[in-house]
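We use all heavy atoms of the structure for the numbers below, so side chains are in, but hydrogens, waters and symmetry mates are not.
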Amino acid sequence: MTRAVRRILDAYESDNPGTKANLARMLMAGRLGGTGKMVILPVDQGFEHGPARSFAINPPAYDPHYHFRLAIDAGLNAYAAPLGMLEAGADSFAGQIPTILKVNSSNSWATAKDQAVTAGVDDALRLGCAAIGLTIYPGSEHFDGMVEEARELIAEAKAVGLAAVVWSYPRGGKLSKDGELALDVGAYAAHLACLIGAHIVKVKLPTDHIEQADAKKAYEGGDWSTQAKRVAHVVKACFEGRRLVVFSGGAAKGADAVFADARAIRDGGGNGSIIGRNSFQRPREEALALLDRIIRIYLGRE
Amino acid sequence: MTRAVRRILDAYESDNPGTKANLARMLMAGRLGGTGKMVILPVDQGFEHGPARSFAINPPAYDPHYHFRLAIDAGLNAYAAPLGMLEAGADSFAGQIPTILKVNSSNSWATAKDQAVTAGVDDALRLGCAAIGLTIYPGSEHFDGMVEEARELIAEAKAVGLAAVVWSYPRGGKLSKDGELALDVGAYAAHLACLIGAHIVKVKLPTDHIEQADAKKAYEGGDWSTQAKRVAHVVKACFEGRRLVVFSGGAAKGADAVFADARAIRDGGGNGSIIGRNSFQRPREEALALLDRIIRIYLGRE
Amino acid sequence: MTRAVRRILDAYESDNPGTKANLARMLMAGRLGGTGKMVILPVDQGFEHGPARSFAINPPAYDPHYHFRLAIDAGLNAYAAPLGMLEAGADSFAGQIPTILKVNSSNSWATAKDQAVTAGVDDALRLGCAAIGLTIYPGSEHFDGMVEEARELIAEAKAVGLAAVVWSYPRGGKLSKDGELALDVGAYAAHLACLIGAHIVKVKLPTDHIEQADAKKAYEGGDWSTQAKRVAHVVKACFEGRRLVVFSGGAAKGADAVFADARAIRDGGGNGSIIGRNSFQRPREEALALLDRIIRIYLGRE
Amino acid sequence: MTRAVRRILDAYESDNPGTKANLARMLMAGRLGGTGKMVILPVDQGFEHGPARSFAINPPAYDPHYHFRLAIDAGLNAYAAPLGMLEAGADSFAGQIPTILKVNSSNSWATAKDQAVTAGVDDALRLGCAAIGLTIYPGSEHFDGMVEEARELIAEAKAVGLAAVVWSYPRGGKLSKDGELALDVGAYAAHLACLIGAHIVKVKLPTDHIEQADAKKAYEGGDWSTQAKRVAHVVKACFEGRRLVVFSGGAAKGADAVFADARAIRDGGGNGSIIGRNSFQRPREEALALLDRIIRIYLGRE
Amino acid sequence: MTRAVRRILDAYESDNPGTKANLARMLMAGRLGGTGKMVILPVDQGFEHGPARSFAINPPAYDPHYHFRLAIDAGLNAYAAPLGMLEAGADSFAGQIPTILKVNSSNSWATAKDQAVTAGVDDALRLGCAAIGLTIYPGSEHFDGMVEEARELIAEAKAVGLAAVVWSYPRGGKLSKDGELALDVGAYAAHLACLIGAHIVKVKLPTDHIEQADAKKAYEGGDWSTQAKRVAHVVKACFEGRRLVVFSGGAAKGADAVFADARAIRDGGGNGSIIGRNSFQRPREEALALLDRIIRIYLGRE
């Protein structure tokens with residue numbers, strides 16, 4: 001156990017040793033193990049967008065084993081996926097990489113800004129996962145129900161020594177499209193995830209837009225011109241850094257943009273990246289090269 | 001146990017021996033036993049369309065025992081039906097054919113694209129079933145609720161060593177009538193069933209229509225001109241063949257069309273057929289002859 | 001135990017001995033005991049229509065003991081009533097007649113085609129009942145919820161050795177007023193009750209109207225001109241006679257019409273009558289005479 | 001135990017000794033103890049109308065102990081109140097008067113004709129209550145839900161040896177304002193309470209209005225001109241007197257009207273009065289005098 | 001234990017020793033310990049308004065430890081916060097100040113006047129809290145559901161020896177904006193909290209507006225001209241002082257206004273203040289000075 005990881009774990013002061021051990025499993029795994037930084041591979045796009053939109057561009061990715069191998073070979077900290085994807089490889093790759101069971105999901109036909117619970121804490125235990133993952137939509141008219149489901153799942157996970165990763169994605173209700181990525185909204189979303197007891201928060205990289213009229217005053221005079229400064233603000237909203245926060249890269253894009261994001265996350269004090277489509281929608285070798293470089297950025301070598 | 005079945009079971013790597021044994025029971029039963037191919041008789045039309053529309057054309061079929069005997073005499077892999085139908089014959093035919101308890105149902109008067117839960121996992125156990133079967137409607141505004149019910153039933157089934165068969169029928173919401181049978185939609189529906197933990201997926205044979213605007217790009221340049229190629233795509237969406245997928249024949253039709261379907265399923269790598277109205281709405285001898293020929297197709301003899 | 005009752009019980013092949021014993025209690029009770037025919041007294045009109053509309057015409061009927069005595073003195077097979085009515089006499093008449101606890105109810109002010117659950121299986125056990133009774137409304141927009149409640153109550157009853165009687169009354173949704181009594185609809189309603197696991201089905205006597213456009217073809221060419229033939233069709237829909245089906249008489253009417261109904265039920269192979277208002281809304285002596293004659297009809301003496 | 005009370009208890013023939021003992025506690029308490037008549041003090045107006053509208057007119061009544069003392073000093077049979085009111089005095093007055101925990105409540109801002117569950121059977125046990133009390137609104141569009149809640153609470157109470165008092169107040173739906181107090185409606189409401197298993201029914205004194213078109217015929221030719229005759233009809237609707245029925249006095253009014261009510265209840269065979277605002281909204285000495293005279297009326301001395 | 005606290009505890013006569021001990025923990029903590037007066041620090045604004053609106057004005061307050069320290073250093077009676085805030089400091093400050101876990105929350109995007117349950121009684125136990133805290137909105141169309149949730153949480157808390165603090169904030173429905181702070185509405189809101197079993201009630205300081213037409217008469221002739229008199233009325237509505245009631249200060253405002261409030265609460269017989277934004281949105285030293293002076297007011301020294 002490194003000092004960096006020890007310091008992170010100490011901030012989870014009310015968690016039981018089981019949950020801390022699972023946080024440690026993720027923080028000590030892969031090439032970033034021990035640094036306090038994380039890169040996580042999430043593959044829930046099959047549920048969200050369907051198999052062809054997710055995998056046709058890189059056909060080996062239709063096979064659930066492909067993603068386990070990619071995450072392991074790239075030296076990542078954890079692999080996150082829905083129930084079926086983990087069931088199809090949990091035994092073959094047992095003990096080779098920490099897994100996060102995504103326990104709720106949306107899909108392309110959903111009209112409500114809501115998620116269906118598609119797996120349970122019992123499933124996470126029997127599949128040997130280190131954590132459950134779940135999504136909430138701050139701003140949505142379904143937020144109350146989502147939060148009540150989330151709280152129950154998180155409490156259940158904590159009781160059995162698992163960690164909880166919360167995807168906090170502002171969406172729906174009165175939020176404008178720009179507002180979904182606004183700095184004030186993103187910081188609020190990250191804070192809400194911390195308040196309901198998340199161990200690791202996942203948010204999108206925020207823009208410098210301020211959405212809420214009531215919040216404008218609080219942001220006046222601040223310098224939000226760089227991504228790193230905006231990341232630093234989100235870290236502050238995560239209990240002044242007492243909670244791990246990782247950032248997602250969004251849709252597939254050019255490698256340089258991905259690297260720029262990683263540097264901003266690192267420089268702003270964020271804890272890492274969660275990279276899905278930008279890795280598995282590239283050919284395997286290209287993805288490995290890209291992930292290698294991201295890891296090197298977090299290691300401070302680029 | 002044949003090598004073909006062993007290989008199929010190995011892909012269900014996170015299931016307990018009880019569930020694997022029940023999958024094996026179905027895969028080793030009947031004339032296709034051991035080949036990895038399956039033909040299943042489903043009789044839930046009484047719930048969906050009423051007794052007269054289902055059985056008046058072949059009156060002996062009013063008797064629940066008729067269907068048990070038909071499935072046994074035809075050498076099928078399993079017989080699937082709602083609670084009452086199985087209760088009425090489970091003891092008489094105990095041990096003679098694996099049964100699948102259909103645990104949810106719709107009916108002719110339903111206006112919502114939803115299903116009522118009409119039986120439970122406890123019922124499947126006391127009736128000696130090998131699996132539960134249930135329907136989800138991807139695309140429906142009720143999909144979230146259906147998926148949450150499905151996940152609970154599937155988890156409960158797995159915990160007690162049963163298998164789960166999921167009928168995944170796109171329906172409702174923004175889907176066009178053509179879209180219900182579209183290739184992209186069918187592959188997505190099959191993938192969703194796999195993601196929520198189905199052991200066996202049942203879908204309809206897809207057309208070459210592509211429904212979702214967002215998915216068009218992923219299908220461009222592909223050759224979807226034959227049924228076999230479309231079946232192969234659905235198999236791919238089922239975790240690259242790690243999950244069994246069987247196809248339904250739809251409404252009663254000419255025998256040649258039924259045989260053509262079976263050949264396409266076989267050639268595309270599908271795992272078999274689920275044939276209801278095309279068998280029990282024909283006179284018994286005619287149905288046996290038809291099923292014999294389908295089985296011979298899967299055996300590669302026609 | 002007579003051969004006729006033995007044959008009926010054998011068809012309930014998946015039920016436990018407790019449930020079979022309770023079916024036998026009802027089939028062996030009263031003057032029709034052992035014949036396989038049943039006449040049941042139901043008194044749930046107080047809930048449905050209020051006390052005055054139900055009992056003012058025959059004031060002694062305000063007293064719950066009146067109905068126990070009427071059913072016992074007439075030599076009926078069972079007495080069915082809501083919770084309070086049974087509580088008020090269950091001890092005084094313990095062991096003198098099998099009772100059926102009606103566990104759901106509607107009332108005169110209800111606008112939704114739905115029923116409230118007003119008693120439980122535990123109540124049936126503590127009151128020494130042989131069965132629970134419950135109503136479903138095929139066709140209603142609330143059907144799914146009713147069926148889910150029904151299935152849970154039926155499963156619970158079976159687990160503790162009780163029988164389940166299902167009142168299946170088409171109502172609501174797209175059904176026309178004529179359609180509620182249509183032959184196709186009635187047969188479908190009876191079939192649905194069997195499919196959700198009812199031991200005894202209670203339906204209304206059907207007319208020769210065919211309601212569903214899709215079902216017309218299945219009924220073409222059939223002879224539905226007599227009540228007996230229509231009863232025979234409903235019996236067929238009840239798993240070819242593997243499930244008991246009794247018919248209700250509806251609102252109070254002339255004695256001759258009641259007798260004609262009983263003869264049609266008998267001739268069509270139905271298992272008996274459930275007669276409420278036509279008995280307790282007549283003076284006791286008149287009711288006893290009427291029930292005596294109905295019983296004689298089922299005994300084949302009239 | 002007097003013969004009158006023994007006879008009343010005998011009618012509760014399916015209840016366990018615990019529940020009968022609690023009914024006996026109420027029937028044997030106070031100055032009417034042993035007569036089979038009851039006067040009950042209910043103080044739930046704080047929930048319904050707020051504290052000032054309830055108690056400002058008689059400020060000592062803000063103190064929960066005031067009502068315990070009033071009920072004890074007046075020699076009443078029981079005191080009924082919501083959770084907080086009983087919690088605040090249950091220990092000080094333990095064993096001095098039977099208490100009824102009101103487990104559901106409405107309030108001045110409610111727009112739906114419904115009640116919130118505000119206490120449980122466990123609370124009644126820990127507070128040493130003899131019974132739970134709850135309200136249903138026959139006629140309301142929320143009636144089904146209220147009845148399902150009521151039935152569960154009543155079943156739970158019976159299982160642990162408590163009695164259940166049901167306030168049955170027609171309200172909402174298609175009911176006219178006059179209809180809420182109509183004779184047919186009141187008798188129906190009382191009957192419904194009995195049917196769902198109430199031990200003691202509380203209704204309002206009915207007028208001679210007949211509300212339901214369908215019920216008019218049943219009331220034709222009856223003489224409903226006096227309050228006593230209308231009370232007698234309600235008693236009949238309570239299982240021909242097999243269930244206790246008490247009547248409420250409504251809003252505060254002149255003492256003579258209160259006495260006239262009591263005489264009519266007594267003469268009609270009702271079991272007593274439940275008097276809230278007419279007692280605690282008068283100065284204590286005046287209230288004691290009024291309650292003394294009501295008790296004397298039930299004792300047949302006035 | 002002082003006599004003042006003993007007298008307060010005696011009024012909680014139906015609570016178990018565990019709950020009384022936790023009430024005593026709060027009443028005996030800090031500089032007001034033993035006086036029967038309380039000052040509580042609540043920090044749930046992060047959930048309600050987001051982190052920047054809450055903490056940007058005083059950046060050290062982003063750190064959850066800041067608030068524990070502020071409450072301890074100021075010598076307060078208790079610190080109340082949502083799950084994540086307490087989890088982040090419960091171990092570091094264990095035993096140094098009683099904590100109240102806020103178990104429901106609203107947020108800036110909520111449109112319904114409702115709260116989501118965001119923590120549970122189990123969480124309060126594992127975090128060593130003395131009490132749970134929860135909000136109800138009298139007047140809201142969601143009040144019934146909120147009250148049912150509240151009652152369950154309160155009952156659960158009492159069963160395990162915790163206390164329950166209820167924030168009773170009139171809002172929604174037919175209430176005018178002025179009405180939310182009206183005297184009649186505030187007294188009613190406080191009374192409702194007592195009726196559902198709250199140990200400590202938290203309300204806003206009322207104005208002299210009377211909102212409800214039906215309540216006007218009850219307030220006529222009263223002198224409501226001073227804040228102290230209005231506080232005294234609310235105390236009366238809290239079971240004539242048998243329940244602790246504390247008042248909130250609302251949005252950040254001038255120190256003099258805060259002191260005037262405290263004096264009115266003290267003079268009216270209220271039990272103290274709950275001060276959030278007025279303390280943590282000031283620089284720490286300024287906040288400590290302000291809290292010191294408030295405490296001195298309650299000690300009667302200013």
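Looking at D:E211, its side chain never comes within 3.5 Å of a backbone N or O of D:L175 through a donor-acceptor pair. The backbone N or O of D:I274 lies less than 3.5 Å from no partner atom in the side chain of D:S248, so there is not a single donor-acceptor pair. D:W224 places a side-chain N or O within 3.5 Å of a backbone atom of D:Y219 that can act as its donor or acceptor partner. No donor-acceptor distance shorter than 3.5 angstrom exists from the side chain of C:R25 to the backbone of C:P98, with no hydrogens or angles considered. C:T207 contributes a side-chain N or O that, together with a main-chain N or O of C:L181, makes up a donor-acceptor pair within less than 3.5 Å.
For the set D:E141, D:K216, D:R243, the count of heavy-atom pairs under 4.5 angstrom toward chain C peaks at D:R243. For chain C, the option among D:G139, D:C194, D:A237, D:G173 with the highest count of heavy-atom pairs below 4.5 Å is D:G139. Note on C:G84, C:G50, C:P51: by heavy-atom pairs under 4.5 Å with chain D, the leading option is C:P51.
We find that D:K229 and D:D267 are not joined by a salt bridge, their nearest charged nitrogen and carboxylate oxygen being 4.0 Å or further apart.
Only the side chain of D:Q212 comes within contact range of chain C, with at least one heavy atom under 4.5 Å from a heavy atom of that chain. Interface remark: C:A116 contributes backbone and side-chain atoms alike to the contact with chain D (heavy atom separation under 4.5 Å). With a 4.5 angstrom heavy-atom cutoff, C:E149 touches chain D only via side-chain atoms. With a 4.5 angstrom heavy-atom cutoff, C:S92 touches chain D via backbone and side-chain atoms both. Neither the backbone nor the side chain of D:I154 comes within contact range of chain C, judged by heavy atoms closer than 4.5 Å. Using a 4.5 Å cut-off between heavy atoms, D:P170 does not touch chain C at all. Interface residue D:K174: only side-chain heavy atoms are found under 4.5 Å from chain C. Heavy-atom distances place no part of D:D184 under 4.5 Å from chain C, backbone and side chain included.
Between the side chains of C:Y137 and C:Q115, a donor-acceptor pair is found at a separation under 3.5 Å. Under 3.5 Å, the side chains of D:D223 and D:S225 contain a donor-acceptor pair of N or O atoms. A donor and an acceptor atom, one from each side chain of C:T135 and C:K102, are located under 3.5 Å apart. Defined by atom type and a distance below 3.5 Å, a donor-acceptor pair is present between the side-chain atoms of C:T19 and C:N16. Counting only N and O atoms by type, the side chains of D:H199 and D:D15 include a donor and acceptor under 3.5 Å apart.
Of all residues spanning residues 61-77 of chain C, those with a heavy atom less than 4.5 Å away from chain D's heavy atoms are C:Y62, C:D63, C:P64, C:H65, arranged by number. Near-neighbour residues of residues 156-169 of chain C relative to chain D, defined by a heavy atom under 4.5 Å from a heavy atom of that chain, are none.
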Apply the test salt bridge (Lys or Arg N to Asp or Glu O under 4.0 Å) to residues C:R126 and C:E87: give CA-CA distance (whole Å), side-chain angles for both, the deciding distance (0.1 Å), then the verdict. CA-CA 10 Å; C:R126 71 176 169 86; C:E87 285 184 327; 2.7 Å; yes
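A 4.5 Å side-chain heavy-atom check between D:F239 and C:M85 finds at least one atom pair inside the cut-off. For the pair C:L127/C:L83, a side-chain contact is recorded, criterion being any heavy-atom separation below 4.5 Å from C-beta on.
Within 6.0 Å of CD1 on C:I57 lie no more than 12 heavy atoms contributed by other residues, nucleotides or ligands.
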